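Take a look at the structure set out below.
Keep in mind the model is a prediction, meaning the values are calculated, not measured. All ligand and atom numbering here is 1-based and tracks the order in the structure.
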Amino acid sequence: MDFQNFDIDQFLCTYWQKKPLLIRNAFRDWHNPLEPDELAGLACEEEIESRLICQTDAGWEMEQGPLAEERLAGLSESHWTLLVQAVDHHVPAVADLIAPFRFIPNWRIDDVMVSLAADQGGVGPHFDQYDVFLIQGLGRRLWQIGAHCDADTLLLPHEDLKLLAAFEPTEQWVLEPGDILYVPPGISHNGVAVGSDCMTYSVGFRAPSRSDLLGHYVDDVLDGIADDELYRDPDLTAQANAGEILPEALARLQQMMLESLSDPADFARWFGTFNSTPKYPDMDWRPEMPVAPEELRAAINAQVPLSRNPASRLAFIAGAKDDVLMLFADGVCFDCHGETAALARDLCAADSVVLDVEVAGSAAAIDLLTQLCNQGCIAFDSED
Ligand code: SIN
Ligand code: CO
């Protein structure tokens with residue numbers, strides 16, 4: 001699926017993280033990648049995160065999935081929506097929707113949530129903390145946007161839903177299949193289905209919070225610090241008032257902390273590992289039978305395409321430490337040099353790649369590929 005009517009550079013400069021943008025007829029060849037009943041089927045599966053939101057006389061109600069088939073079959077004609085997270089992990093055609101958005105780095109991409117709504121269905125007026133591209137897939141939806149919100153914005157009291165207590169739309173549009181609405185973090189929005197079988201694909205982004213960065217990095221650093229590293233002051237001199245904590249002491253204390261957090265290579269290794277941890281770490285994507293190096297060599301020689309598992313998180317950092325390229329794959333860091341560094345770059349650059357036959361001759365490259373295949377991050381395409 002390719003973009004048309006969409007200028008990436010202008011989008012990044014004027015809209016990304018700044019203001020909403022409606023892009024009409026954004027794709028050259030839009031076709032809806034998933035049928036409504038296929039989405040309903042996913043919402044019944046144990047390992048897939050889903051929600052059903054219904055608007056009833058009693059107010060907004062939310063049911064957490066997995067949902068029973070009978071529950072879905074018994075839904076009313078209107079005022080409900082079904083939301084399924086990370087559909088891209090399970091449906092390759094939905095994963096393909098991310099490709100045109102790869103002008104934003106992979107490490108910022110979260111997942112594709114898909115919703116199916118009956119007439120008038122929606123999740124209610126709210127705001128999200130993350131950027132999202134809302135692609136209208138099937139049917140029509142009225143999208144309204146409003147003011148910027150933050151942690152002080154008043155919400156309706158509800159156990160499960162964070163709905164706005166007040167929502168004043170400033171603009172609204174009815175989206176048709178292939179239209180996209182980009183909504184930056186914090187902008188209030190409300191989507192209401194116009195007619196039945198309304199499907200919306202939310203290509204969602206992620207961004208670490210300061211508290212997550214600090215909390216998790218400090219935990220990691222603490223694991224490597226010995227208990228006997230104490231404040232030392234061999235240069236102590238008598239002070240006028242023994243009750244004062246002097247600025248020199250404070251500066252030395254603060255420095256003691258900051259120096260443990262400030263090594264760029266340590267931070268790079270930690271961040272890459274942290275950021276590549278899978279969204280659903282309990283999902284096991286490993287092949288049923290471990291793959292042997294000979295099979296990989298044969299597949300490379302036969303020029304079989306190698307594809308990334310859409311559920312895998314792959315990224316690399318170059319230049320943080322000497323000539324090492326750190327490859328991160330689902331929370332595991334591989335130090336790569338020379339041939340393996342080139343291979344790591346290729347694996348991270350595209351969803352699918354046909355490797356040069358020379359790779360089959362490199363023991364280090366085959367070793368890396370074997371580990372990645374057996375971790376379930378990549379796989380050679382099967383013949384069917
Ligand atoms: C949807 O209803 O498909 C999208 C929900 C949202 O606004 O995040
Ligand atoms: Co939203």
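For the Co ion (ligand 2), the tally of protein N/O/S atoms lying closer than 2.8 Å stands at 3.
Of the residues Gln172, Glu171, Glu168, the one that meets the side chain to side chain donor-acceptor pair (under 3.5 Å) test with Gln144 is Gln172.
No donor-acceptor contact under 3.5 angstrom links the side chains of Arg297 and Asn301, judged on distance only. Between the side chains of Glu49 and Tyr280, at least one donor N or O sits under 3.5 Å from an acceptor N or O.
Around atom CD of Gln254, no more than 12 heavy atoms belonging to other residues, nucleotides or ligands sit under 6.0 Å away.
Residues satisfying the side chain to side chain contact (heavy atoms under 4.5 Å, CB included) criterion with Ser209, sequence neighbours excluded, are Ser211, Asp212.
Note: Tyr201 and Trp30 have perpendicular aromatic rings, judged against thresholds of 30 and 60 degrees for the angle between ring planes. Below 30°, between 30° and 60°, or above 60°: for Phe133 and Phe205 the angle between ring planes is above 60°, a perpendicular geometry.
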Could you list each nitrogen or oxygen of ligand 1 that sits under 3.5 Å from a protein nitrogen or oxygen, with the atom names and the distance?
| unit_1 | atom_1 | unit_2 | atom_2 | d |
| --- | --- | --- | --- | --- |
| ligand 1 | 3 (O) | Ser115 | OG | 2.5 |
| ligand 1 | 7 (O) | His126 | NE2 | 3.1 |
| ligand 1 | 7 (O) | His189 | NE2 | 3.1 |
| ligand 1 | 8 (O) | His126 | NE2 | 3.3 |

Sequence neighbours excluded and cut-off under 3.5 Å, please list the side-chain donor-acceptor pairs for residues 147-154, or say none.
| unit_1 | atom_1 | unit_2 | atom_2 | d |
| --- | --- | --- | --- | --- |
| Asp150 | OD1 | Asp152 | N | 2.9 |
| Thr153 | OG1 | Asp150 | N | 2.8 |
| Thr153 | OG1 | Asp150 | O | 3.0 |

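Between Asp110 and Arg313 there is a salt bridge, with a side-chain nitrogen of the basic residue lying less than 4.0 Å from a carboxylate oxygen of the acidic one.
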